Novice: 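Dumping the structure here so I can ask a few things about it.
Throughout, a chain's letter reflects where its sequence line sits, starting with A, and its residues are numbered from 1. What you see is a predicted model; the values in this text were computed from it and never measured.
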Amino acid sequence: MTDARKKVLVVEDDPLLTDLFAQKLTKDFNFLHAPTGEVALDQIKNEAPDLVLLDILLPGIDGFEVLKRIKADPATASTRVIILSNLGSPEDMQKGTQLGAEKFIVKVSLSLSEVHALVKAELGLTEAA
Amino acid sequence: MNIDLADVQALGIAISAFFITLMVAFLLVFAYRDKIARAMLYAIGSGSIWAWAAYLSYTASDLAIAREFRVVSMLGIVGITSFYANFGFQYLLEYRAAFKIEKAVRFALFAGAVCLAMLLISDLLGTRFVVGEFTASPRTVLAPLPGIFLPSLITYHFAAMVAMAYFLYRALRLAPVGKERRQVRVILFAATAALTLGMTRYASWYGYDVLPQLTILAAPLFIIAAFYAIKSYRMFDIPLATAQLLVFTLWGFTFFRMILSDTLADAWPDIFLFVTSIVIGIFLIRSMLRESKLQTEVQSLLIERTKTEFAMIAAHQLRTPTAGLRWLFESLAVDEKRTLNDEQKHLVSRGVETAQRLTKLINDFLQIVKTSGGSVEYSFESADIGDIVRRAIDSLEDSSSERHVRVDMSVQGDVPRVSVDKEKFSMAIENVIDNAIKYSEAGSQVHVRVSAERASVRIEVQDNGIGISNDEKARIFERFFRGDAARRKFTDGSGIGLFFVKSIVEAHQGSIDMTSPGMNKGTTVVISIPLLRPSTS
């Protein structure tokens, strides 16, 4: 039985992608959204999401900085973060995993369904019977 | 200091000679790196020979020596006219390739110059083909008697001048509107005017004195044309120009001291100073030039890096809306499938394909930028090329089945392992085989052969497809280049596949060659990779 109440925070500034994430993920999860890094940090402190899907290129502080602060704060250090960005250089990927991301996914290389399946797998959810 | 009115003309010629020689020195520091500067150097160098020989002819006390120097000055004129025509030709080449007739004219002028030079050298040895005797001192008669070939030289002068004007005029028509076009216009008019006025001098050889003052204008116009040509090539750098000004002032000072000395014995110290200042001056200018060049290179590198970074950021930014589009269409295709009619499903499917194609284009663009910026890293390890090729063929099975093209592979003999970046080399091989499949007709075959040569492994991919023309062969590995036949067969395609393949092969110290008997006669691509080196990462 899937747990629809797991919280997934999507940190994404693009409105279209945000709508698409919402459409896909709301069915199975408690969907949270933050358009900037600063809002994301507040949401993580207040809502304690089970998984964060984090973009890198954000207005204000970038995703790497957000990840650094999440892992630096003992209250949020255990938060699981998957970077979902369109930056894809080996240096960026290495940086992301070194800062503590579970995975570094290049958005454009996956379909939305694949992202959905990835989130479900990360949260250990089985398919509904 | 003794100066009389008769020396004023000598001084005028000497000043012209001095400035022309300055330009020669100036150009010497640039000519090694720029072909236009070299072409100008030869023309101005000839001008310097003409000017100094004319000065020495004018001031010689012995008529025979005056004649010899006049012969040398005529050699200078042949040089000026032929090299200026060459300069015009080189300038035109900056804008387009030369037509056959233009190349023929240039060759004919060169041949004519060689013939005239030989006649003049013969005159130095005693003949009178072009330059006859001086009947009186050059200070009183303007020219010696004409030789039988002087009309040939005059005709050559005219022909070279017309050719130069033609080449520069064509360059003027092609130069972009604005500063560049103005510069070409000035050079064209000044050079043509200088050579035309110079021609009026020949009248004096036949006893006609046609406004000799006009010919005095020839030298300054010649200098203006040369100066403008040099300046228009942006050879001025403020610190460099300041150093040059200092050096030229020193040269000027020592030069005038030298020529205004009363006797040769008095002039020796000044001659020594003049020569020393030239040598030191050239070293100083060259070292400043090297520094200026280094700064320019560093600046270019910084600009390149900025462009690369900008292009990468732009490409990454483009990926976001592209991902959005792709997900949008995929959502429609999967989640809304039941509510869409057939036509809508077809449109959605087209949307998915377009978004995927856009994704590929942006990824390819990013690869170009990375490759151009030198930021692609390779990780070499020992690999079996046969395996890599086999996997590439397997990955293209769907494509080859769809197109009804059979791909077969053979490995000839024992093929040693090589040191390659497996991921990138696989991409390169896939690209080449994919091209062979794409551009082959249904029912045809693509042959892939792997073999070992003495010091390398060879991969040959042969198809019986659209082939390439001779003209296209030279450009086939250029970025964004697509042959006409390829474009007709598939309108899509960025033309960067083979550019990448070549970049990857060359990063492996290998080589790639593409041959084709002609259009619709197939193509063979041969990639050669050196044998195993120690793995590096």
Novice: For the residue pair B:T320 / A:D14, report whether a side-chain donor-acceptor contact shorter than 3.5 Å exists.
Specialist: no
Novice: Would the number of heavy atoms belonging to other residues, nucleotides or ligands and lying under 6.0 Å from NZ of A:K71 be above 12?
Specialist: yes
Novice: Strictly less than 4.5 Å between heavy atoms, which residues of residues 321-328 of chain B line up against chain A? Please order them by number.
Specialist: B:T322, B:A323, B:G324, B:L325, B:R326, B:W327, B:L328
Novice: State whether the number of non-hydrogen atoms from other residues, nucleotides or ligands found under 6.0 Å of A:K24 atom NZ is greater than 12.
Specialist: yes
Novice: Restricting to side-chain hydrogen bond (donor to acceptor under 3.5 Å, both in side chains), what partner residues turn up for B:D463, sequence neighbours left out?
Specialist: none
